[in-house]
A.B. asks: 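Let me begin by handing over the structure; questions about it come next.
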Amino acid sequence: MVGAERNEQQRYNPAEIEPRWQALWDANPALYAAESHTSGKPKFYCLEMLPYPSGQLHMGHVRNYAIGDALARFMRMRGYNVLHPMGWDAFGLPAENAALKNNTPPREWTLKNIEQMKVQMRRIGLSYDWAGTEIATCLPEYYRWNQWFFLKMVEAGLAYRRSSKVNWCPKCATVLANEQVVGGCCWRHEDTLVEQRELEQWFLGITKYADELLDGLDAMPGWPEKVRTMQRNWIGRSEGAHVDFRVSAMADTPAITVFTTRVDTIFGATSIQLAPEHPLVKEWVKNDAELAKAVTEMIAQQKVARETGDIGNIEKHGVATGKTAINPFNGETLPIWVANYILADYGTGAIMSVPAHDDRDFEFANKYGLPVVQVVAPRDSAEDVALPYGGEDDAVLMDSGAWTGETPVAAQEKMARFAEEHGFGKKTTTYRLKDWGVSRQRYWGTPIPMVYCANGHAGVKPGGVVALPESSLPVLLPEQIEITQEGGSPLGKVPEFVNTTCPVCGGPARRETDTMDTFVDSSWYFYRYTDSRNSHAPFDSEKANYWFPIDQYIGGVEHAILHLIYSRFWTKVMRDLGLIKNSEPAERLFTQGMVIKDGAKMSKSKGNVVSPDDMIARYGADATRMYALFAAPPDRDLEWQEEGVAGISRFLARVYRLTIKYAPVVRTLEGAVHGDEVAAGQFAGQTIEGAALLRTLHQTIAKITEDFNGRWHFNTCIAAIMILVNEVTAAESAMDKGGIAPATVAELLRTLTLLLAPFAPFLAAELWRELGETTDVFQQHWPAADAQLARESEIEIPVQVNGKLVTVLKLASGSDDEAISAASLADEKVSARLVGKTIVKHLVIKSKLVNLVVK
RNA sequence: GCGGGAGUGGUGAAAUGGCAGACACGCAGGUCUUAGAAGCCUGUGCCGUAAGGCGUAGGGGUUCAAGUCCCCUCUCCCGCACCA
């Protein structure tokens, strides 16, 4: 009957369908807007990391957003109030480089890129609430709140200025945070070695939160173990002790404070080792030309090794200073050396060397013939142990005065207390994490809202730093400016910007000309989304408290340290300012894998970049994003194969053909109920074919629904939809002959469309309309799986003999173990295997499988 | 060196201790076509004409049953690294 109505088949044409729907969606800004915080629905904050507006979307973006958009659409259909925002991480160096190259102002270049990328994102059909949430961090409406937070941190003693050794990228012509140095090179210029410079810089006191940042990781089950481990390593908490060693015969020289995690081994110390850049060494080289030469060489060598990533492998060497120090625990005199394996910026830059119980000290002592004194040994086997010996669980101290016989752990505690009581040491904790240096000598960033009062006033000496009042915010970035890469901050060359008055005394003042690290912008942007048009505050606390924490954050693992640690820090600061209640920004974090091509990360230099625009032009946005979900589970790397996209496109074309073919039948069914309103009994009078199709349908619903709840194996979800479509296609002749009730056909096609909606929104919208619906497919309820309909009528029972498959029995659904057992013995193939054997065990497992153990 | 992850057909992959390779890609044969493209149908882990045997990096173990759990080894990817 249906076949007769078949017209000339329309072909699936995404190039026509997709822009048509896109235009409709663009014209309706409220379509994906979240309801307010007073909504009665449960909330769901679905967030993807905001992109840098380079002007070109890449496949990594497409994959990231395809995952987030599928989830956002699914959650909406499940009845949640979904916040799904998007914005632009719009400050940063590329805009300045582009300005140099093309003579375009950074602002213009950035805003143009944003427009381009927004066009691309809309073309993909991503369901963002553009009108309600979109932010660009380079606009004063946004960055004024960076300045506001900065002032709050100055007030709280969390932002401060000091001179220190900093990482300097010559290409960026600016300072970098420790987090932005990757393998000794700049994170943006992987071939550019980072130099060390001494500069006055602004720092944020992230180390005040080091313990909370570290301990909090244990209570974050929704974050990948990998990310939590990386953050633990980065924070690098190390419990130990400081011990002061007096320098012999130099009463006015300060004692050398060493940091050690093994104070229990101090009786085995045979030398003191200083970093080449230790302050005492700097003093001593003044009167010792030979020492000066050796130290200078070591510093140069350390620098080279650090830059080439070889630090850790360079040969240990050192030089004796000729000076000695006193071990406060036993009064022994130890030689003081300078060694190239001691780092100036970790601990105190000085160690006590215990060759018997530390690999590095052992290597060093052997080379220079320093004594090796064992003071820890296994409890039972005395001192017969290979050195260096770390001291396992059953170890005890030997030759260690009052502490001899103690376990190392007990001794560490007692000896640190002893040192403290006698004033030459204390228990202490060292972190690898350093305070966050946020000053950048660049133009395209947030101006730091501080001035230097030229003449000074009460409490501020001439040239001293003064915070601007909140009322003077925003400090605007000047627009017309000459960008250069030399001669310090570009802002320093703009007199109208630099010259100002002191807000306290009214005298002349000079503005801070450094700008903030762009990671400041991204540390709190997701709070702004909850109230992005607020001009009185960064956001309304009530709104933020409704939406936070983020229910699902999705992005690349490359931000595991940088952005994800800074934004955790910022959240804690905001909590302590009383702005929010949550202590962590995101309940769940998902890090998707990379998109690779020919086995390597896509890059211009390798020439293996696949452009999303090309893919969309050839196969459509639906096929492109669906392939990104189908080709691999989302947490794994994805090898981009164009044939695969073509395959998805063919699949969508089959769905399209099938739906268009039967749509006329569906449309003529008046008042048909559908979706989850269908009563289970409705399809009771099915033909066998109809029942089989409904069974697969409901199995598919169940599978996809379950997967969205956490497993996120969208590749197998899409495979399940393919299986369903394959079955429907195979039943076409039955459908044509009227072997399947029209209501069933309608149910199948409507539900199939709903199941496709999170993955292929354009096609779903088109087919929903073709099926005669006037509502928006994304406002529909997600279909409910009916366990009755999903149940198999016949079960397949594999039968094994000694664990090897012999046959598969087909039995009526609901057969009990006894029936299964009997059927397995009655089978010919099985009995052939049993000739001359004795059955030892006859196992029927969970009504699913039979295993006969025979001898 | 430390930490995390991975290793399954020609390829992407699937399999929550229970039939290894679902679903795709590719390939081969067929069909339709004046021809091609697109469809559609069939086949496709390896060895073997077949019956059958073998098979999840390698080795061992636990179990009625192991890709999956445990131990050892190898390889690859990612992060950190002379961190005292």
A.B. asks: What nucleic acid atoms does Q273(A) come within less than 4.0 Å of, heavy atoms only: base, sugar-phosphate, or nothing?
C.D. replies: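 Here Q273(A) touches no strand at all.
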A.B. asks: When all nucleic acid strands are considered with a 4.0 Å heavy-atom cut-off, which category describes D361(A): base, sugar-phosphate, or nothing?
C.D. replies: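 Nothing, no heavy atom under 4.0 Å.
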A.B. asks: Counting the atoms with a prime plus P, OP1 and OP2 as sugar-phosphate, which does E363(A) contact under 4.0 Å by heavy atoms, base, sugar-phosphate, or nothing?
C.D. replies: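 It contacts nothing in the nucleic acid.
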A.B. asks: Should K427(A) and E239(A) count as an ion pair when the cut-off is N to O under 4.0 Å?
C.D. replies: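 Salt bridge: no.
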A.B. asks: When the C1' atoms of rC82(B) and rC72(B) are compared, how many Å lie between them, rounded to an integer?
C.D. replies: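 After rounding to an integer number of Å, I get 30 Å for this pair.
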A.B. asks: Please classify the nucleic acid contact of F651(A) as base, sugar-phosphate, or nothing, using heavy-atom distances under 4.0 Å.
C.D. replies: nothing
A.B. asks: Does R11(A) place a side-chain N or O at less than 4.0 Å from the phosphate oxygens OP1/OP2 of rG39(B)?
C.D. replies: no
A.B. asks: Students often get this wrong, so: under 4.0 angstrom with heavy atoms, is P633(A) touching a base, only sugar-phosphate, or nothing?
C.D. replies: sugar-phosphate
A.B. asks: Tell me whether the OP1 or OP2 atom of rG79(B) has a side-chain N or O from T229(A) closer than 4.0 Å.
C.D. replies: no
A.B. asks: OP1 or OP2 of rA24(B) sitting under 4.0 Å from any side-chain N/O of R650(A)?
C.D. replies: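 Checking rA24(B) against R650(A), no side-chain N or O comes under 4.0 Å of OP1 or OP2.
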A.B. asks: In whole Å, measure the gap between the C1' atoms of rG3(B) and rG53(B) for me.
C.D. replies: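 Looking at atom C1' only, rG3(B) and rG53(B) are 43 Å apart.
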A.B. asks: Base, sugar-phosphate or nothing for E225(A)? Non-hydrogen atoms, less than 4.0 Å.
C.D. replies: nothing
A.B. asks: Watson-Crick or G-U wobble partner for rC54(B), using a 3.5 Å limit on both distances?
C.D. replies: rG45(B)
A.B. asks: At under 4.0 Å, does any side-chain N or O of N726(A) touch on OP1 or OP2 of rA24(B)?
C.D. replies: yes
A.B. asks: For M602(A) and W640(A), work out which heavy atoms get closest and say how close.
C.D. replies: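 Smallest interatomic distance, heavy atoms only, reads CE-CB, 3.9 Å.
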A.B. asks: Under 4.0 angstrom, heavy atoms only, what part of the nucleic acid is D359(A) near: base, sugar-phosphate, or nothing?
C.D. replies: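 Counting heavy atoms under 4.0 Å across all strands, no contact is made by D359(A).
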A.B. asks: With heavy atoms under 4.0 Å as the rule, sort N802(A) into base, sugar-phosphate or nothing.
C.D. replies: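 Counting heavy atoms under 4.0 Å across all strands, no contact is made by N802(A).
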A.B. asks: Students often get this wrong, so: under 4.0 angstrom with heavy atoms, is I723(A) touching a base, only sugar-phosphate, or nothing?
C.D. replies: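 The residue I723(A) makes sugar-phosphate contact but no base contact.
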A.B. asks: So I721(A), base contact, sugar-phosphate only, or nothing? Heavy-atom distance under 4.0 Å.
C.D. replies: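 Contact class for I721(A): none.
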A.B. asks: Measure from CD on E639(A) to P on rC77(B) and round the result to the nearest Å.
C.D. replies: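 These atoms are roughly 15 Å apart.
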A.B. asks: Taking only side-chain N and O atoms of R636(A), does any of them lie within less than 4.0 angstrom of OP1 or OP2 on rC78(B)?
C.D. replies: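 Negative; the distance criterion is not met.
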A.B. asks: Please work out whether the ring planes of Y368(A) and F364(A) are parallel, tilted or perpendicular, with thresholds of 30° and 60°.
C.D. replies: tilted
A.B. asks: Counting only side-chain N and O atoms of K316(A), is one of them less than 4.0 Å from OP1 or OP2 of rC82(B)?
C.D. replies: no
A.B. asks: Rounded to the nearest Å, what distance is computed from the CG atom of residue L805(A) to the P atom of nucleotide rA15(B)?
C.D. replies: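 In whole Å, rA15(B) P lies 20 Å from L805(A) CG.
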A.B. asks: From the options rC19(B), rC83(B), rC64(B), select the nucleotide whose nearest atom is closest to the side chain of L843(A).
C.D. replies: rC64(B)
A.B. asks: Between rA65(B), rA14(B), rC19(B), spot the one nearest the side chain of T716(A), thanks.
C.D. replies: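 Nearest listed nucleotide: rA14(B).
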A.B. asks: Considering every strand and a 4.0 Å limit on heavy-atom distances, what is the contact class for E706(A): base, sugar-phosphate, or nothing?
C.D. replies: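 Base, at least one base atom sits under 4.0 Å.
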A.B. asks: How long is the line joining CD1 of I795(A) and P of rC19(B), in whole Å?
C.D. replies: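 Between P of rC19(B) and CD1 of I795(A): 15 Å.
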A.B. asks: Between rC54(B) and K804(A), is there an OP1 or OP2 to side-chain N/O distance shorter than 4.0 Å?
C.D. replies: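 Looking at the OP1 and OP2 atoms of rC54(B), one of them is under 4.0 Å from a side-chain N or O of K804(A).
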A.B. asks: When all nucleic acid strands are considered with a 4.0 Å heavy-atom cut-off, which category describes V853(A): base, sugar-phosphate, or nothing?
C.D. replies: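 Sugar-phosphate contact only.
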A.B. asks: Is the positively charged end of K316(A) above the ring of Y341(A), judged by distance under 6.0 angstrom from the centroid and angle within 45° of the axis?
C.D. replies: yes
A.B. asks: Describe the nucleic acid contact of K226(A) in one word from base, sugar-phosphate, nothing, applying a heavy-atom distance below 4.0 Å.
C.D. replies: base
A.B. asks: Counting only Watson-Crick or G-U wobble pairs whose two distances fall under 3.5 Å, which nucleotide matches rC40(B)?
C.D. replies: rG30(B)
A.B. asks: Can you find a pair of side-chain heavy atoms, one from D218(A) and one from R228(A), that are under 4.5 Å apart?
C.D. replies: no
A.B. asks: Using a heavy-atom cut-off of 4.0 Å across all strands, would you classify G647(A) as base, sugar-phosphate, or nothing?
C.D. replies: sugar-phosphate
A.B. asks: If you compare all heavy atoms of M594(A) against all heavy atoms of D637(A), which two are closest, and at what distance to 0.1 Å?
C.D. replies: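 Here M594(A) and D637(A) meet closest at N-OD1, 2.8 Å.
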A.B. asks: Counting only Watson-Crick pairs (N1-N3 plus N6-O4 or O6-N4) and G-U wobbles (N1-O2, O6-N3), all under 3.5 Å, who is the partner of rA13(B)?
C.D. replies: none
A.B. asks: Please measure how far the C1' atom in rC54(B) lies from the corresponding atom in rG48(B), and state the result in whole Å.
C.D. replies: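 About 11 Å, rounded to a whole number of Å.
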A.B. asks: Report the nucleotide, chosen from rC82(B), rC25(B), rC19(B), that has the shortest atom-to-atom distance to any side-chain atom of Y341(A).
C.D. replies: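 The answer is rC82(B).
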A.B. asks: I want to check something: taking the side chain as every heavy atom from C-beta on, are V853(A) and N802(A) in contact at a cut-off of under 4.5 Å?
C.D. replies: yes
